[in-house]
Amino acid sequence: MNDWKTLAAARGLQLSDAEIDKLGPILEGIEAAYESLAASLTPLDQPAVTLGEEAVEAR
Amino acid sequence: MMTLLEAGEQLRAGKVSSVELTQECLKRIDELNPKLNAFLTVTADTALEDSRRADAERASGLDRGPLHGIPVALKDNFFTKGVRTTGGSKLFTDFVPEYDSAVTEKLVKAGAVLLGKTGLHELAYGVTSNNAHFGAVRNPHNPERIPGGSSGGSGVAVQTGMAYMAMGSDTGGSIRIPAAYCGTVGLKPTFGRVSRYGMFPLGFSLDHPGPLTRTCQDAVAVHNVIAGYDPRDASCSPRPAENVRLEEPLYLKDLKVGIPENFFFERLDPAVDAAVKRAAQVIEERGATVIPVRLPDIGAINSAARIILLAEASAAYEKEHLGRRGELSAEVLALLDQGRLISGTQYVNAQRARRLLSREFAQVWTKVGVLFTPTIPMGAPPIGASTVTIGGVEEDVRMATTRFVRPVNLLGCPAVSVPCGMTSEDLPIGLQIIGPPFGERKILTAGAVFA
């Protein structure tokens, strides 16, 4: 479990305990979803950040 | 109530004038807007002036096409020169752009009459259009219900006849959601098909402008005007815009309609499930072939889309997020806070996953021409509700509303929501038709069977 309050402060956000209580579970959910996504990646997989038609068609 | 194309025919036949159509829309706005809050700004004087010009041009023999003299509206995140553009945010309450968005330019050039700017969820970052700064936009089917968002005002304006067309923008479903909840057609074109120049951004790699209309034929008319390359938008497709014509034969007998076996029919209002399956029967009766199809992991696609949107939105509004927190609603502030806590690694890896998932999804188009899915699992929730219960499971309104629409933004595919029934509470149900990149003609041909 991340210390979201400290992480938020490091990113310039001074969040109250109430705000952290609300955000924490959401962020944990995002983390879990991310872990599952990242597990499928190999170092050779490129990002889809080339914008434009080629990117859409390649997708 | 006439459709956009019917109004255009009446104009060409000299049976009605643009001034009359505009006056009629302004009258409806006067009557309904105090109750429904669809418009943030009404430009009555310039609209009447523009309609007089359109009538004079038509009388002189100039015909600018199907939108010439037609009263339309723009979501208030499209820049309009000299007309306040708020983005639904207190941050931009007094912002008056010095130039038009590309879409505004194209509509004006096509002779459309701009009635005003429609209300939206703050910064287009939400699904309810319950705006903390400008008030709740209300669903015409039941004013105690949300119209959906973020293009809620556009859905209401079209559904009630306050405008013949209203533009929306769609980052995680924001055109298709109000279309489904209000009972209109909502087209999200292929990513890059319509220029985003002169629009407030939300998700740089997810934002799509598109029209809300009464019919798919009307959506085609608007799409043909607004689609095309624009060098001012770095992600705009250089592919020449096809002039879509539904009357040209795209025989339904050649169309394979895929019905997803996974994800899209899980946890639905039974009326939604039945309406979408009935729509599949209808198109089958019209000659199409309906086949079940297994889709890649839509949950993973949604996760990647969510991470990308959180990070991109927080990047877009970083200065405002950090410097003007007091001017943001608690809801949007929380989303921007979440985005700031997404790491660079997570964002890049979500974009890497996007590429993999998109390649996998592209295989679907070797089996079917379009997909039929519900747009949203249920009818419009009450204003202020934060959760809904579907199939005995309590779910966050935002998550439930975006479940079926958000993945399409990640894929960049075109999709349209068309009305296909009503729930037991007499609220509209949307059928979402998804097609391959640049397959607008396919989805709108299929959609025209229903609206």
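In what follows, chains are A, B, ... by sequence order, proteins preceding strands, each numbered from 1.
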Handout entry: Side chain to side chain, L41(A) and L356(B), heavy atoms closer than 4.5 Å
Key = yes
Problem - Contact origin within L27(A) toward chain B - heavy atom pairs under 4.5 Å - result: side chain
Handout entry: Approximate separation, where rounding is to 0.5 Å, of Q346(B) CD and L37(A) CG
Key = 10.0 Å
Practice task
Can you measure from CG (D45(A)) to CZ (R354(B)) and round to the nearest 0.5 angstrom?
Solution key: 15.0 Å
Exercise for the section: Rounded to the nearest 0.5 Å, what's the gap from CD1 on I342(B) to CD on E31(A)? Could you check? Expected result: 7.5 Å
Completion exercise
Taken to the nearest 0.5 Å, the spacing of S40(A) OG from D297(B) CG works out to 9.0 Å
Practice task
Determine whether R306(B) and I30(A) make a side-chain contact, defined as any pair of heavy atoms from C-beta on separated by less than 4.5 Å.
Solution key: yes
Exercise for the section: Can you check whether anything in residues 317-327 of chain B gets within less than 4.5 Å of chain A, heavy-atom wise, and list it by number? Expected result: H321(B), L322(B), R325(B)
Problem - residues 330-341 of chain B: residues contacting chain A (heavy atom under 4.5 Å, by number) - result: A334(B), D337(B), Q338(B), R340(B), L341(B)
